[in-house]
Amino acid sequence: MPTNKRLSSGLDTRVDKSTQVTGDWDLTVRHQARVILLVSSVAAGWLGLFGLLGLRDLGEPLAPYRFVAPQVSIALLGASLSLVIAQLRPEFARPLAVLAALMTVLTLVAGRGLSLWQSHWLSFEVLGYVIVWVAICSVWVLGDARRLLLYAWPDRASIVMTVLGTLFSIGGAYWLVAQESRQTQRMVETRVEEIAETLNDSLKESIAVFSRMAERWNSLDHPPSLSYIDLEFLSYLRDMPHASTIVALDANLDLVHGRPDSTQGYEDMRHLVSEDAPSQMLAQIRDEGRVDLITPHLSPDPDRVGFVAAGWGNDKDWGGIVLTTLDVPKLVERAFHLRQVPCCLEVLSEGIPVFQKTRSSQQDLGTQAGTGSGSTTGADETDLKIYLASTSFELSGENYQVRYWINPSEPLSMQNPFALVFLGLGLVFTFIVNNSQRLAYIANARARQVQHRALHDVITELPNRQMLEQYLEGYCQEHRHCERPVSLLLLSMEGLRLINDSIGHAVGDGLLRATAAKVRERVPHTSMVARIDGGHFAICVLGLSRTELDTLAADLVHAVAEPVRVEPHLLRVSSVIGIASSIPNAIDAGSLLRQADLAMLEARKLGRDTWCHYTGDLGAAVSERMSISTDLQNAVQDNQLTLHYQPVVDGWTGAIVGYEALMRWYHPSHGFIPPNRFIPMAEESGQIVELTQWALDCAARAATRMNQGLPHDIYVAVNISTLVFRRTDFVERVTDVLKRHNIPARWLEIEITESMLLDDFASAIEKLRELGALGVRIALDDFGTGYSSLNYLKRLPIHKIKLDRSFVNDIVEDPADAAIARAVLAVAGLLKLTVIVEGVETERQFAFLKRLRFTQFQGYLFAKPLPLETVLASLLAASGYQVLPDAAQPSQARSVLLIGAESVSHKTLEMLFYQTHFRVLQAHSTADAMAQLATSPVDALICIQPSSGEQTRSRIIDLFGRVRHLHPQTRRVLVADVSVRESLVDALSDGDIERMLALPLDPDSLLDLIRNDLGR
């Protein structure tokens, strides 16, 4: 259940401005930039820290190539610190972003040679630069300090999530790199040892095989034959595939025999023998009879590592040297398959490279020498080598080295792609999680904002109708069984729409805010003030009596009426208030609102700056109105509606010139419902269009039947609603009716009112002209009740004017009504318009109007509206004519009307008027006199008044003044004593009284008056 505390606090509900999102742009780009800035700034710091940590774990030579160089690590740390401070101090955001950019740019320029040297487009350093520049761009996207402050510093959960996520991503990538480096180091060391050991064993095996062959030869007692030597050579070459050439030299080092029969091989041998150092070494081997390996630096051919030489034969009779060349690349391939070498391997003898291979080239040093590269590398290339493992062994007094190295300039030779992918995915995951958390936070704030907007008015910040209904429902439930009523005051500002349309909605909104402030100041603090719509405010109060509610309503009306300045305008509006209360009836929120609205509408009928309480009669009237409006939808289909026809009669001939079609509704439950009740409902609901179309069709059919067998035409007039007349297809609808029923246009008459012409006079004129062109007659109904502009009247293409019944009701006694009737008749005559007098109900009215020279009449005096069948029967019976009332046939005898003749001898009066041949009429009161004057032409009005007094004087002046204006042809004579005559001198001078005679009455004077004045 809601409480007063909850209600009052609900009025001041607001959303924190720091969490409000100003637009879709802030929800997307700037929010994403804010999260990217947070993640990238922290990630850059971690990347720098782990770069410095790599110096200890990976070693200074390898760390810059495996992870991040020290100078780059320091730059990343500085940039990260600057960007973090930029988030804490938004007013310095852009200068700090520029500082971070300068640090990274200077480091990048200083390490440009290193970057080109590495030739790595995908590396941790490049990723670090990208992260920093993404953060810098995010600062620029967010813009100035005000936009940075749009998002508050992330909460603790976001910070922890970002720190841990970036730490896990970068730490995991660093761990993968470190693990790979250690694993590679161990593998390389093992492989280098294996290669060195295998190479040593292979060389020793070659020397041992060659030594055994020399021993066999030395065991011979005679020199071996060439066939024997050839078989030995073939056997040796078959067993030693890495041996390329084998020759036998005699004691003078001349060629004896060789395999294969290669001239190049022999040339190599001769070149070796011709050199001083190798020749001396060969001579020493021959003299000592040993087997030895000639060192590579003594070899004349760098394609071959060296030569194996062995002495043979006895020293006295015969002997020489057996010499073979070894193809070290084949020997290394035999010792260790190159596909198992991770990157780069080289073998050196006494510091001179004899073998060198890389993964990319897969070529040994000797092969490259043959293309002109030589057996040595340049200084720059040597500097690029990073040695990971090295070992050596001794053979034949020479030192051999086997070394493994890497070249950082070779693409992808250093970085671990999987570690880079892991790092990138980790940062993306961190961003997504952080962004989701941040979006959830903003979505929460946006939901609160949307909820606030859904329950509050945007202009006044007051609760709206939805929130009002929620609280009303709760309070009605809470106070249903207690004596504290829940009351609702519905206040409507009158004149707000005019201000919006004339001055502008901005001024109107300012007036609304000022009015809302006034209302809140004057209601109890436990009350709820809401804006329903437009200029409607609702005030929900608790526990106030009827007297207290009246006091509050008066205070509110007075407050709203006070002038309000909305620059540069000083505005004043009025208001009406409807009041409804939950006691004595326990009702819900919807009913309370409906009752207050009904009371407000009733207060509006009473005028402005007032209020009204809801009563049961208002509810019953509205319920009945709703029931009638609902039933009206089916009235046409259920044949509940019908047209009755009232004739328009020529007052001089008795001919019926036309009928007015009047709609009637006989409801099965409510009985007869007059048109003034259901026609406005039909106009409000738009059903009047359908009803008018039905009426036109019925009138067309009726006109067809009425004009059968009559000597003159009879038209049927149909009243047209303003809503129907304003439709663009109105003329087409009338044309369609004429065509479908095939009737002459003169049989159909359209009755319009003056109000139809006000909004769009030009369009109305055009429609009337189109109807006139068709031949349809146009009548201006209820003339005189609206604006009755003569300027409009002269421009209207109409044919008739119908004088409203309000001028006919009292026309016999009211000179003003008679004057208006005369004026209308005169104007219509000048404009050549026919005048129809409506509402003629008495013979006196008819007689008087005929004396004013009106010709056509309509009213109950002639006939009430009747059904079509009854009308048709009367038409056929009288051939289109109607018997006029007897009062309409005036007498030809001259007459005198006497008032107050009781004071004079009746015989004297008869004798006098008998002698003058005047008919004597007597009236006993002023009303009787006015009635007889209306029905019969009277030559003279003689009023005999013996008494005096103020009332008598006023009565005489009123009577003679009315007769003077209504019947100016009647002579007005007063017979009174001296006191009465003296008090009526002014009336005599004004012309109301024409002659005065004294009492007691002198018959001769009266006779003289009749003969001389009335006889003319």
Side-chain angles (χ1 to χ4, degrees), residues 648-652 657-658 660 717 719 749 751-758 761 764-765 768 777-859 861-862 887-888 890 930-931 933-938 941 957-972 990-992 994:
V648 177
V649 180
D650 188 320
W652 299 94
V657 297
E660 181 180 2
N719 291 279
E749 185 171 288
E751 292 189 4
I752 62 173
T753 59
E754 299 171 48
S755 60
M756 298 182 185
L757 312 174
L758 298 180
F761 185 73
I765 292 293
L768 294 178
R777 313 292 286 178
I778 308 297
L780 185 61
D781 196 12
D782 301 333
F783 183 76
T785 59
Y787 294 92
S788 300
S789 171
L790 296 180
N791 181 42
Y792 281 176
L793 186 61
K794 74 175 184 178
R795 296 167 59 187
L796 287 176
I798 59 176
H799 307 88
K800 298 180 181 179
I801 294 177
K802 300 189 74 172
L803 184 65
D804 189 70
R805 67 179 61 248
S806 61
F807 302 109
V808 179
N809 293 335
D810 300 323
I811 196 170
V812 174
E813 300 178 358
D814 191 344
D817 287 344
I820 292 174
R822 288 191 182 96
V824 171
L825 184 62
V827 171
L830 294 174
L831 297 177
K832 298 181 180 181
L833 300 176
T834 302
V835 179
I836 302 174
V837 182
E838 293 183 300
V840 180
E841 298 181 355
T842 65
E843 294 180 359
R844 295 172 183 176
Q845 294 172 346
F846 178 52
F848 181 77
L849 289 167
K850 282 195 65 176
R851 290 174 60 188
L852 296 180
R853 311 308 295 177
F854 285 96
T855 58
Q856 295 187 8
F857 304 88
Q858 178 183 349
L861 178 64
F862 307 99
M930 296 303 298
L933 285 170
T935 55
S936 300
V938 175
L941 169 67
I957 292 175
D958 176 68
L959 172 63
F960 279 87
R962 290 163 62 186
V963 173
R964 174 189 176 186
H965 290 90
L966 291 174
H967 307 281
Q969 75 281 0
T970 301
R971 310 298 298 273
R972 301 170 296 280
D990 291 340
D992 291 342
E994 293 181 293

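Just the heavy atoms: all of them, side chains too, but no hydrogens, waters or symmetry mates, feed the values below.
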Determine whether Glu749 and Lys800 satisfy the following criterion, side chain to side chain contact (heavy atoms under 4.5 Å, CB included), listing intermediate values before the conclusion. CA-CA 10 Å; Glu749 185 171 288; Lys800 298 180 181 179; 2.8 Å; yes

Determine, step by step, whether Glu838 and Phe857 satisfy the side chain to side chain contact (heavy atoms under 4.5 Å, CB included) criterion, reporting the C-alpha distance in whole Å, the side-chain angles of both residues, the deciding distance to 0.1 Å, and the verdict. CA-CA 6 Å; Glu838 293 183 300; Phe857 304 88; over 6 Å; no

Please assess Gln858 against Val837 for the test side chain to side chain contact (heavy atoms under 4.5 Å, CB included), listing each intermediate value before the final yes or no. CA-CA 6 Å; Gln858 178 183 349; Val837 182; over 6 Å; no

List the steps, then state whether side chain to side chain contact (heavy atoms under 4.5 Å, CB included) holds for Glu843 with Phe848. CA-CA 8 Å; Glu843 294 180 359; Phe848 181 77; over 6 Å; no

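Heavy atoms only, all atoms of each residue included: Val657 and Asp650 are closest at CG1-CB, 4.5 Å. Scanning all heavy atoms of the two residues, the minimum distance from Thr753 to Leu780 falls at C-CD1, 4.0 Å.
The backbone N or O of Gly651 sits less than 3.5 Å from a side-chain atom of Lys850, completing a donor-acceptor pair. Formation of a donor-acceptor pair under 3.5 Å by the Gln845 side chain with backbone atoms of Val808 is found in this model. Looking at Thr970, its side chain does come within 3.5 Å of a backbone N or O of Val938 through a donor-acceptor pair. Judged by distance alone, the side chain of His799 and the main-chain N or O of Ile778 form a donor-acceptor pair under 3.5 Å.
Annotation: salt bridge (Lys or Arg N to Asp or Glu O under 4.0 Å) contacts of Arg962 (sequence neighbours excluded): Glu813, Asp958. Applying the ring pair (Phe, Tyr, Trp, His ring centres under 6.0 Å) test to Phe807 and every residue at least two apart in sequence or in another chain returns nothing. By the ring pair (Phe, Tyr, Trp, His ring centres under 6.0 Å) test, Phe854 pairs with no residue at all, sequence neighbours left out.
Note that the CG atom of Asp782 and the CD1 atom of Ile801 stand 12.5 Å from one another [nearest 0.5 Å]. Note that CG of Leu941 is 5.5 Å distant from CG of Leu959, once rounded to the nearest 0.5 Å.
Salt-bridge check for Lys802 with Glu660: passed, with a basic side-chain N closer than 4.0 Å to an acidic carboxylate O.
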